[in-house]
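Just below is one structure, and these are the notes that go with it.
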Number of protein chains: 2
Amino acid sequence: MNNSMHPKEILRGHVTQIVSLTDEQFDHFFSRFTLKSYKKGQAIITQGAKVEHEYFVIDGYLKTFYINDDVKMFILQFAMPTWWASDYNALYNGAKATVGVDCITDAQVLCLSNADREKICSELHEVERFFRWRTNRGYVASQKRLLSLMNNDARLRYEELMAQYPALYNTVPKHLIAAYLGVSRETLSRLYHT
Amino acid sequence: MNNSMHPKEILRGHVTQIVSLTDEQFDHFFSRFTLKSYKKGQAIITQGAKVEHEYFVIDGYLKTFYINDDVKMFILQFAMPTWWASDYNALYNGAKATVGVDCITDAQVLCLSNADREKICSELHEVERFFRWRTNRGYVASQKRLLSLMNNDARLRYEELMAQYPALYNTVPKHLIAAYLGVSRETLSRLYHT
DNA sequence: TGTTTTTTGTGATCTATGTCACATCTCAGG
DNA sequence: CCTGAGATGTGACATAGATCACAAAAAACA
């Protein structure tokens, strides 16, 4: 929970990796965002509710999850600083949320409405490019995960995840990691105790 | 293998669902594409090779697949007319292909190079918007599939797939459907014979 | 039209994971 | 400094689905 940089700088650094905006352009872009703080455990998007915004994580960890009829939870994404999260299906299609988003730790996020995103995308070609890039990146990551799920067993998936995001090990409870890997809590526990 | 519409009309119809282009703009857009024909079984992208293009399917069926070290195949996508296919990771990052694309049936595709896509995206804001939309759609579909894979058993996944794309049933061999669902050929066979 | 390949079905195992049932353990809050 | 809820470990057992091994249609093709 310690990040000395200002939210604005963090977003700027993130966007600048892909497109260059003048100070005025970035100010305009940034003006559409609202900074919000949430506490550990707090819900940002609730399954079944209307979805109006997407969220850029400044600080803390979020999770994007789905709970099925058997009250079993599956995690689609752990969102860490500089990641984006929302129910993009609901957001783009005006549908009710099928996935929820909430806070694993206290968190600070920049909140952008769907309408505002579309507006700045229209106003600034560069911003549109940025969002195209961002979505593409998400798509590629999602495909990779699909492959890993079909191809690898639980242990390998676990090792991959830990290799890529070691920070998760002592930040999020194991049963959430299990829900991300698509295995039961018990199986995950057995993985690293043998 | 019978599609009376001209490739150009098909692409135009597809793009127009999302953005509106003048005739001149669309002509310019279309001029970057090359029409290619492939025969059943022919490879379009080979694992390990360089990837320069993405493909818009006019006619026929493609598959996007991954073959692991045990020579086991997993199918990421069946691409049907008006769908796009490529190894987007390789394409965007200049990496070697980790997934292959080939033809399940004879096929006609419109081929667009990465460089040309970026060029027209820069030239025409509307085209950039179109590609943002397209990728977003792919992302959402991919997330949905991830969820289905974690949540549902083989039978349910099979039924979902058949409900959504009944055409697959008598177009692609069952072992490919199995490779898409992430189950063995034998298990799939048992699913609808019991 | 006869002969290879592909594709598909089915039985007999084997195995990774899920499920259920408790026992700890660890903290956050009172 | 308690105390109760959430987090974790572990045994026993159940099971979906994988694998292996053939057999036999069906399709490709020469």
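Proteins get letters first, then strands, A, B, ... in listed order; numbering begins at 1 in each.
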Exercise for the section: Show your reasoning for whether side chain to side chain contact (heavy atoms under 4.5 Å, CB included) applies to B/F65 and B/D102. Expected result: CA-CA 8 Å; B/F65 62 95; B/D102 65 21; 3.4 Å; yes

Exercise for the section: For side chain to side chain contact (heavy atoms under 4.5 Å, CB included), just list the numbers for A/R12 and A/F30, CA-CA rounded to whole Å, side-chain angles, deciding distance to a tenth of an Å, and then say yes or no. Expected result: CA-CA 8 Å; A/R12 174 126 209 196; A/F30 185 72; over 6 Å; no

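No continuous path of hydrophobic side-chain contacts links A/V183 to A/L149 [ILVMFWY only; heavy atoms under 4.5 Å].
Aromatic ring centres of A/Y61 and A/F78 lie farther apart than the 6.0 Å criterion allows. The ring of B/W133 has its center no closer than 6.0 angstrom to the ring center of A/Y88.
Atom NE2 of B/H193 is separated from atom C1' of C/dT7 by 12 Å (rounded to the nearest Å). Counting to the nearest Å, the C1' atom of D/dC20 and the CG atom of B/D70 are 15 Å from each other. We find that CG of A/L149 is positioned 14 Å from C1' of C/dA16, with the value rounded to whole Å. Rounding to whole angstrom units, OH of residue A/Y158 and C1' of D/dT8 are separated by 13 Å. Atoms CG (A/L156) and P (C/dT17) sit 10 Å apart, rounded to a whole Å.
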Contacts under 3.5 Å, N or O only, protein and nucleotides 15-19 of chain D:
unit_1: D/dG17; atom_1: OP1; unit_2: B/A154; atom_2: N; d: 3.0
unit_1: D/dA18; atom_1: OP1; unit_2: B/S184; atom_2: N; d: 3.2
unit_1: D/dA18; atom_1: OP2; unit_2: B/S184; atom_2: N; d: 3.0
unit_1: D/dA18; atom_1: OP2; unit_2: B/S184; atom_2: OG; d: 3.0
unit_1: D/dA18; atom_1: OP2; unit_2: B/T187; atom_2: OG1; d: 2.6
unit_1: D/dT19; atom_1: OP1; unit_2: B/K72; atom_2: NZ; d: 3.4
unit_1: D/dT19; atom_1: O4; unit_2: B/R190; atom_2: NH1; d: 3.4

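Looking at residues 168-179 of chain B, you'll see B/P173, B/K174, B/H175 sit with a heavy atom under 4.0 Å from some atom of DNA chain C.
Of the candidates B/F29, B/W83, B/W84, B/F130, B/W84 is the only one forming a ring-ring contact (aromatic ring centres under 6.0 Å, His included) with B/F56.
Between B/E186 and B/K174 no salt bridge is recorded (no basic side-chain N to carboxylate O distance below 4.0 Å). Under 4.0 Å is where a charged nitrogen must lie from a carboxylate oxygen, and between A/E159 and A/R157 no such pair does.
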